[in-house]
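Residue numbering restarts at 1 for every chain, and letters A, B, ... go by the order of the sequence lines. From a predicted model like this one, the values you see are computed outputs, not experimental measurements.
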There are 2 protein chains.
Amino acid sequence: MTQLNETHDPALTSWVASANAPANGFPLQNLPFAAFRRKGSQEAFRVGVAIGDAIVDLAALADAKPGAPFEGAAQQALQAGRETRVNALMALGQPAWSALRLALSRALRTGSPLQGLIAPLLVPQAEAEFATPAQIGDYTDFYISVHHATAIGKQFRPDNPLLPNYKWVPIGYHGRASSIGVDQQFARPVGQQRPAAEGEAPQFGPCKRLDYELELGVFIGAGNALGERVTLDQAESHVFGLCILNDWSARDIQAWEYQPLGPFLSKNFASTISPWIVTLEALAPFRVAYTRDAADPQPLPYLSSAANSAEGAFDVRMEVLLTTEQSRAQQQAPAKLSASNFRDAYWNVAQLVAHHTVNGCNLQPGDMLGTGTLSGPKPDEAGSLIELTQGGKTELKLPWGESRLFLQDGDQVLIRAHCEKPGYPRIAFGQCAGTVLPARV
Amino acid sequence: MTQLNETHDPALTSWVASANAPANGFPLQNLPFAAFRRKGSQEAFRVGVAIGDAIVDLAALADAKPGAPFEGAAQQALQAGRETRVNALMALGQPAWSALRLALSRALRTGSPLQGLIAPLLVPQAEAEFATPAQIGDYTDFYISVHHATAIGKQFRPDNPLLPNYKWVPIGYHGRASSIGVDQQFARPVGQQRPAAEGEAPQFGPCKRLDYELELGVFIGAGNALGERVTLDQAESHVFGLCILNDWSARDIQAWEYQPLGPFLSKNFASTISPWIVTLEALAPFRVAYTRDAADPQPLPYLSSAANSAEGAFDVRMEVLLTTEQSRAQQQAPAKLSASNFRDAYWNVAQLVAHHTVNGCNLQPGDMLGTGTLSGPKPDEAGSLIELTQGGKTELKLPWGESRLFLQDGDQVLIRAHCEKPGYPRIAFGQCAGTVLPARV
């Protein structure tokens with residue numbers, strides 16, 4: 001587990017003034033990573049660290065004269081940040097990430113002698129565009145909200161919503177890495193859907209039940225070799241950080257295709273993430289106890305430890321917002337559809353890594369694990385439309401007069417996440433934005 | 001569809017004498033691709049093309065003096081072959097692959113003026129070791145043998161073995177790319193298995209029902225952009241070629257984990273492929289009609305075309321062999337467990353690509369699609385032990401006196417594949433070899 005250190009001192013301020021505004025979310029205590037370039041340019045993407053409204057260009061900093069602004073492990077980590085994605089830095093491991101965080105914290109702190117070197121290298125976030133922060137080799141999606149699993153299960157099996165394995169196995173499946181992007185605008189998927197009547201041919205056409213899923217993404221930093229298990233208490237040292245994830249789902253395609261081997265074309269047409277990875281070290285002040293209800297079984301030994309129980313969960317607040325063609329034309333504020341908290345998940349980050357590798361499966365730097373839909377215990381904490389509309393039966397009213405059962409063309413889903421507590425600067429994840437375009441038929 | 005051309009002339013012979021031996025399988029008409037280096041060296045892997053018992057080192061050929069041995073598209077393709085994997089060549093597209101094949105065919109042909117240039121660059125296959133031929137970004141596994149799906153389904157649902165979607169949807173799911181390798185030796189996976197009695201905790205330990213799966217792998221060459229559908233008749237131009245695949249399966253872990261989202265830890269501990277990719281162009285003489293039983297529905301329009309029906313299937317013969325610690329100590333010949341033919345599959349290569357992209361999912365050069373277990377219609381054509389032993393109930397006798405229900409530690413599974421017909425040289429895929437090591441507990 002990450003200990004608190006000088007980078008977490010809530011009194012620290014930055015010479016980048018915007019970072020010190022209480023609501024900014026990218027204070028000196030955050031320092032998340034992205035891959036960016038100047039908007040509209042044909043430059044290669046490069047690694048950046050957010051500070052206030054700006055981005056520190058790590059490649060430019062590494063190349064700045066006089067050279068080698070940092071020392072030792074921090075300088076080595078900075079050099080790894082010269083790639084087009086964060087993978088090389090991820091591969092260096094937690095001590096390197098921590099050394100770079102400390103060096104950046106000191107360099108961006110009020111009064112730093114490096115201000116003169118770094119200030120000219122800052123890029124305004126408003127002038128940047130982003131790619132996926134890492135080259136994602138493999139993408140695994142889990143299913144860690146018992147509230148989501150129960151709500152979905154109820155729609156299929158009212159008397160027995162949770163399958164017998166749920167409270168023992170962190171259920172997961174492999175997803176599609178190639179179609180993950182940031183700020184995605186994607187065509188409504190086309191495909192087969194259930195026959196209108198038994199014995200008939202399947203229906204074929206644009207998805208009619210297109211949904212979002214509110215998730216977080218867990219980026220693997222250091223990998224493990226094939227055959228080598230990662231123990232629960234080592235697991236977090238393999239995790240670089242978290243982002244926001246929207247795992248779009250075509251519910252009608254899914255219902256027809258998913259037996260017996262799981263979701264496929266219903267998921268792999270697009271998966272949108274936020275540009276920024278917030279490191280586990282930045283989240284350390286927001287660790288909370290990992291607990292289970294008294295009625296639930298204790299995890300098997302490979303998924304249980306005193307340290308994990310003490311602080312294996314994270315208090316991350318998330319919300320889903322929607323805009324539509326109409327709302328944008330009328331300049332309405334986005335409608336808030338729901339809010340939930342990562343701490344309510346049935347399984348936690350370290351457990352996902354330990355489970356994923358218990359059979360010897362190798363994780364690699366840049367791999368992403370999705371949490372699955374993070375619905376909370378209350379009905380208005382549901383992380384998908386299929387839950388909020390009771391399976392597409394109850395219309396969701398939007399403030400400007402429209403309503404939705406599922407997503408319509410032109411709809412834009414925004415997911416935001418942040419951590420907050422009294423006496424500590426707000427730590428933001430930024431925004432995960434995606435827009436549905438008409439099907440290509 | 002690929003037309004036959006001068007590279008398919010069965011009368012052609014090579015100045016590499018071993019290529020002309022009838023049983024060799026790597027004649028001038030084959031020319032498969034791999035990534036190789038000299039055994040035990042720390043060299044970078046590089047792309048090679050098999051000819052007889054030797055390998056043409058494409059990087060060495062590209063660098064040979066006098067330079068530019070080929071012209072135009074063939075020379076450009078040769079340059080792309082200078083990478084450590086085949087991906088860059090794959091990305092160039094079918095005309096480039098075809099130009100390189102023609103140039104290599106002429107260069108390796110008896111009487112070629114390039115013999116003097118190339119002969120010193122050949123590496124004996126016996127002195128080489130191999131990596132995965134491509135960097136595999138995403139791996140999808142299908143389920144295209146109706147015989148396998150029926151046999152497995154019968155074990156769960158004797159009265160209704162095939163689910164209603166099977167004959168309409170080429171069922172597929174995402175697999176794990178990171179754990180794919182060649183010549184793998186892997187530890188028996190450990191994990192959760194069903195509780196011994198209802199209401200008890202799951203069992204945990206080494207897999208007791210470890211199985212192989214006889215499959216072929218389909219390597220994507222040219223990709224498609226996210227949102228762009230690949231039509232059935234364009235599909236094969238996106239396919240670089242085929243290899244052999246053994247998709248190892250932990251049946252007891254699978255039975256407990258796979259509901260509701262599909263197989264996960266039961267599959268991702270290892271997947272073994274053969275080193276060589278045989279191109280679709282090399283397989284052109286072995287195309288056969290794609291047919292369905294009269295009782296089966298015709299595919300939906302996006303999965304059906306006259307050209308695909310005429311020659312969308314391939315006549316590829318496969319067999320599974322087993323050696324054990326005992327058989328190797330006694331120098332027994334490998335036991336043949338089963339044999340089957342790719343032509344008996346319910347779906348074909350082009351259909352898999354068209355289905356995978358119908359929703360806009362993007363495929364990338366080097367992605368691999370597994371066929372799923374290729375069991376044939378007869379009981380002795382079953383492609384897995386769970387079929388051959390009726391769910392682990394009937395012992396399979398081995399010629400040297402041992403028997404098996406599932407794989408034991410030390411067991412080595414060999415899968416071989418080839419094409420043959422009168423008047424044409426045998427086209428071999430080589431061998432896919434993997435060995436089970438004891439669990440790490």
Side-chain angles (χ1 to χ4, degrees), chain A residues 137-141 143 153 163-165 168-169 171-179 181 186-187 189-192 195 198 201-202 204 207 226-229 250 253 256-266 268-270 297 300-302 355-356 358-364 367 437 440, chain B residues 137-141 143 153 163-165 168-169 171-179 181 186-187 189-192 195 198 201-202 204 207 223 226-229 250 253 256-266 268-270 297 300-302 355-356 358-364 367 440:
Chain A
D138 275 295
Y139 162 41
T140 299
D141 202 21
Y143 194 56
L163 293 170
N165 57 12
W168 297 102
V169 181
I171 296 290
Y173 67 108
H174 302 112
R176 179 86 193 169
S178 71
S179 52
F186 62 90
V190 168
Q192 294 190 35
E198 201 177 335
F204 181 83
C207 167
L226 190 63
E228 278 182 12
R229 194 186 304 181
I253 295 173
W256 174 235
E257 75 170 0
Y258 92 108
Q259 289 280 18
L261 297 178
F264 179 50
L265 297 187
S266 53
N268 64 16
F269 54 90
L300 291 185
Y302 79 98
H355 182 66
H356 206 315
V358 70
N359 68 342
C361 181
N362 56 330
L363 303 178
Q364 297 182 320
D367 286 349
L437 304 179
R440 298 185 189 178
Chain B
D138 276 295
Y139 161 42
T140 299
D141 201 22
Y143 193 57
L163 293 169
N165 57 13
W168 297 101
V169 180
I171 296 290
Y173 67 107
H174 302 111
R176 178 87 194 170
S178 71
S179 51
F186 62 89
V190 167
Q192 295 190 34
E198 203 177 332
F204 181 83
C207 166
L226 190 65
E228 279 182 12
R229 196 185 305 179
I253 295 173
W256 173 235
E257 76 169 2
Y258 93 107
Q259 289 282 15
L261 297 177
F264 179 49
L265 297 187
S266 52
N268 65 16
F269 54 91
L300 291 184
Y302 78 100
H355 182 66
H356 206 315
V358 70
N359 68 343
C361 181
N362 57 329
L363 304 178
Q364 298 182 318
D367 286 350
R440 298 187 188 176

Can you find a heavy atom in the side chain of [X] that is under 4.5 Å from one in the side chain of [Y]?
{"X": "B:P260", "Y": "A:Y143", "value": "yes"}
{"X": "B:L265", "Y": "A:H355", "value": "yes"}
{"X": "A:F204", "Y": "B:V358", "value": "yes"}

Residue B:E228 versus chain A: region with a heavy atom under 4.5 Å: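 Both the backbone and the side chain of B:E228 come within 4.5 Å of chain A.
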
Side chain, backbone, both or neither of B:L363 within contact of chain A (heavy atoms, under 4.5 Å): both

Does any backbone or side-chain atom of [X] lie under 4.5 Å from a heavy atom of chain B? Answer side chain, backbone, both or neither.
{"X": "A:D141", "answer": "neither"}
{"X": "A:L261", "answer": "both"}
{"X": "A:P263", "answer": "both"}

Sidechain-backbone polar pair: A:Q259 side chain, B:L163 backbone, donor-acceptor under 3.5 Å: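 Checked: no pair found.
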
Residue pair B:W168 / A:Q192: nearest heavy atoms and the distance that separates them: O-NE2, 2.8 Å

Contact summary for B:R440 and A:G227, nearest pair of heavy atoms: NH1-O, 3.1 Å

For each of [options], tally heavy-atom pairs with chain B at distances under 4.5 Å, and name the one with the top tally.
{"options": "A:L437, A:L226, A:N362", "answer": "A:N362"}
{"options": "A:P164, A:S179, A:P202, A:P195", "answer": "A:P202"}
{"options": "A:G181, A:C361, A:G153, A:P301", "answer": "A:C361"}
{"options": "A:G191, A:A187, A:A201, A:C207", "answer": "A:A201"}

Look up atom [atom1] in [X] and atom [atom2] in [Y], then write down how far apart they are to the nearest 0.5 Å.
{"X": "B:R176", "Y": "A:D367", "atom1": "CZ", "atom2": "CG", "result": "4.5 Å"}
{"X": "B:D138", "Y": "A:N268", "atom1": "CG", "atom2": "CG", "result": "8.5 Å"}
{"X": "B:N165", "Y": "A:Y258", "atom1": "CG", "atom2": "OH", "result": "10.5 Å"}

Ring centres under 6.0 angstrom apart (A:Y173, B:Y173):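 No.
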
Option that, when pairs with chain A are counted at under 4.5 Å, heavy atom only, ranks first among B:S178, B:G360, B:A250: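 If we count pairs closer than 4.5 Å to chain A, B:S178 comes out on top.
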
Closest-packed option against chain A by number of heavy-atom pairs under 4.5 Å, given B:P189, B:G175, B:G223, B:G137: B:G175

Ring pair (Phe, Tyr, Trp, His ring centres under 6.0 Å) partners for B:F269, two or more places apart: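 Residues passing ring pair (Phe, Tyr, Trp, His ring centres under 6.0 Å) with B:F269: B:F186.
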
By side chain to side chain donor-acceptor pair (under 3.5 Å) - contacts of B:E257 (at least two apart):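 Per chain and number, B:E257 pairs via side chain to side chain donor-acceptor pair (under 3.5 Å) with B:S266.
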
